[in-house]
There are 2 protein chains.
Amino acid sequence: MGKQTTEMLKGTLEGVVLAILAGRPAYGYEITAWLRDQGFSDIAEGTVYALLVRVEKRGLVDVAKVPSEKGPPRKVYSLNDQGREYLEEFWTAWRFLSERLEQLREGGR
Amino acid sequence: MGKQTTEMLKGTLEGVVLAILAGRPAYGYEITAWLRDQGFSDIAEGTVYALLVRVEKRGLVDVAKVPSEKGPPRKVYSLNDQGREYLEEFWTAWRFLSERLEQLREGGR
DNA sequence: CTCCGCTATTCAGTGTTACTATCTACCAGT
DNA sequence: ACTGGTAGATAGTAACACTGAATAGCGGAG
């Protein structure tokens, strides 16, 4: 996927995952699969699980254990109020950065 | 500036600085001042200098020592061919991420 | 002349984050 | 019993931005 993308994901991947959860509850394996589908080709499994543990500890998501037909029980995450608030801040920061970069890209030639 | 922005800068600040240098040569202090001016309110001095050392080591920039009227001599950085190539890759990665996020923001409501 | 403020750079130590690699665990089909 | 797909956890590593402090040169106030 390239080192550039990898480094860029630091700080944004969290927002990406929270944005997914804002749409609908989901579990780790599902999220990983979705990300790969979207072109984040080599997101490591462990990365998503670690991230989910982090956001859970910070109280941004609620967790429900749901038995699955295949394999061990799923941990289904859903965004709570605090998470939604945090996601809002994320979008604000993103817009800010996005605007500055757009400006630079145009000015740069 | 908020933790969100800080974390988001990982991997993008480098691109921002290279994009600045694509426009014109500049030295550390100047870049820091410009960033602060643009709203990156509390970019630490040390951060920019460390970043410049990194990109210099990777051979993305050329350096010239220029005596200044005030204070110690300036290290003026300018983007070289390798740096321009790297910056292109950065824009590619940025566009990719930007599109995914834009998609998520719209889909999320 | 000395001290302070501004310009300009450097560096050691810290915290957060994503990756690698590996492990456990459950189920279905062969 | 064995393999493959689903699902999650974890220890160790590398990269990066921040903190805080140090160094150094110059000009002006006292």
Side-chain angles (χ1 to χ4, degrees), chain A residues 1-18 25-36 40-58 60-61 63-77 86 90 93 97, chain B residues 1-18 25-36 40-58 60-61 63-77 86 90 93 97:
Chain A
M1 205 168 40
K3 199 174 146 299
Q4 296 262 23
T5 313
T6 292
E7 283 308 319
M8 228 177 263
L9 279 180
K10 295 190 181 179
T12 49
L13 183 58
E14 194 177 285
V16 170
V17 170
L18 292 180
Y27 54 96
Y29 193 84
E30 192 185 6
I31 294 172
T32 305
W34 187 86
L35 287 172
R36 294 217 166 121
F40 296 94
S41 38
D42 33 65
I43 287 277
E45 299 260 322
T47 299
V48 174
Y49 289 115
L51 191 156
L52 288 170
V53 168
R54 263 189 334 256
V55 294
E56 182 186 354
K57 261 186 197 149
R58 278 197 239 142
L60 306 178
V61 292
V63 188
K65 235 175 192 138
V66 178
S68 93
E69 317 87 46
K70 299 200 126 200
R74 298 165 175 166
K75 281 178 76 177
V76 175
Y77 294 85
Y86 186 84
F90 171 80
L97 193 57
Chain B
M1 205 167 41
K3 199 173 147 298
Q4 296 262 22
T5 313
T6 291
E7 285 308 320
M8 226 178 263
L9 279 180
K10 295 191 182 178
T12 48
L13 182 58
E14 194 177 285
V16 170
V17 170
L18 292 180
Y27 54 98
Y29 192 84
E30 192 185 6
I31 294 173
T32 305
W34 186 87
L35 287 171
R36 294 215 165 122
F40 296 93
S41 39
D42 34 63
I43 288 277
E45 299 260 320
T47 299
V48 175
Y49 288 114
L51 192 156
L52 288 170
V53 167
R54 257 183 348 248
V55 294
E56 182 186 356
K57 261 185 198 148
R58 277 197 240 143
L60 306 177
V61 292
V63 188
K65 234 174 193 143
V66 178
S68 94
E69 317 87 45
K70 302 199 127 199
R74 297 166 175 164
K75 281 178 76 177
V76 174
Y77 295 85
Y86 187 83
F90 171 80
L97 192 57

Quiz prompt | Heavy-atom check, side chain of A:Leu9 versus side chain of A:Thr12, under 4.5 Å | solution = yes
Practice problem: Using the test ring pair (Phe, Tyr, Trp, His ring centres under 6.0 Å), find all partners of A:Phe40 that sit at least two apart in sequence or belong to another chain. | Solution: B:Phe96
Quiz item: Looking at side-chain heavy atoms only, is the closest gap between B:Leu13 and B:Leu51 below 4.5 Å?
Solution: yes
Check residues 65-74 of chain B and write down every donor-acceptor pair under 3.5 Å in which the side-chain atom is one partner and the other belongs to a residue at least two apart or another chain.
| from | atom 1 | to | atom 2 | distance (Å) |
| --- | --- | --- | --- | --- |
| B:Ser68 | OG | B:Lys70 | N | 3.2 |
| B:Ser68 | OG | B:Lys70 | O | 2.3 |
| B:Ser68 | OG | B:Gly71 | O | 3.3 |
| B:Arg74 | NE | B:Tyr27 | OH | 3.3 |
| B:Arg74 | NH2 | B:Tyr27 | OH | 3.3 |

Quiz prompt | Side-chain (A:Gln4) to main-chain (B:Gly11) donor-acceptor, under 3.5 angstrom | solution = no
Quiz prompt | Pairing residues for A:Glu7 by the salt bridge (Lys or Arg N to Asp or Glu O under 4.0 Å) criterion, not counting sequence neighbours | solution = A:Lys10
Exercise. Measure from CG on A:Leu52 to P on C:dC19 and round the result to the nearest Å.
Key: 13 Å
Self-check item: B:Val61 side chain near B:Leu18 side chain, heavy-atom distance below 4.5 Å
Solution: yes
Practice problem: Check B:Leu52 against B:Gly28 and note the closest heavy-atom contact, atom names and distance. | Solution: CD1-CA, 3.6 Å
Self-check item: Positional range of nucleotides in DNA chain D within the contact set of chain B, heavy-atom, under 4.0 Å
Solution: D:dC16 to D:dC26
Scan nucleotides 4-9 of chain C against the protein and return all N/O pairs shorter than 3.5 Å with their distances rounded to 0.1 Å.
| from | atom 1 | to | atom 2 | distance (Å) |
| --- | --- | --- | --- | --- |
| C:dT7 | OP2 | B:Tyr29 | OH | 2.9 |
| C:dA8 | OP1 | B:Arg74 | NE | 2.3 |
| C:dA8 | OP1 | B:Arg74 | NH2 | 2.3 |
| C:dA8 | OP2 | B:Tyr27 | OH | 3.1 |
| C:dT9 | OP1 | B:Lys75 | N | 2.6 |
| C:dT9 | OP2 | B:Gly28 | N | 3.3 |
| C:dT9 | OP2 | B:Tyr29 | N | 2.9 |
| C:dT9 | OP2 | B:Tyr49 | OH | 2.9 |

Quiz item: Which pair of heavy atoms, one from A:Tyr86 and one from A:Leu60, lies closest together, and at what distance?
Solution: CD2-CD1, 3.8 Å
Self-check item: Heavy-atom check, side chain of A:Arg36 versus side chain of A:Glu45, under 4.5 Å
Solution: yes
Practice problem: Residues of residues 5-14 of chain A with any non-hydrogen atom less than 4.0 angstrom from an atom of DNA chain D: list those, numerically ordered, please. | Solution: A:Glu7, A:Lys10
Practice problem: Kindly say whether B:Ile43 contributes a backbone atom to a donor-acceptor pair with the side chain of B:Thr47 at under 3.5 angstrom? | Solution: no
Self-check item: Atom pair distance, as rounded to whole Å: NZ in B:Lys3 and P in C:dG15
Solution: 13 Å
Exercise. Could you check if a side-chain atom of A:Thr5 sits within less than 4.5 angstrom of a side-chain atom of B:Leu97, using non-hydrogen atoms only?
Key: no
Exercise. Any salt bridge (charged side-chain N to carboxylate O under 4.0 Å, His left out) involving residues 48-58 of chain B? Give me the pairs, sequence neighbours left out, ordered by first then second residue.
Key: B:Glu14-B:Arg58, B:Glu56-B:Lys75
Quiz item: Once you build an axis from the first five pairs and another from the last five of the helix from C:dC1-D:dG30 to C:dT30-D:dA1, how far apart in angle are they, to 10 degrees?
Solution: 20°
Quiz item: So, is A:Arg54 near the phosphate of C:dT17, with a side-chain N or O under 4.0 Å from OP1 or OP2?
Solution: yes
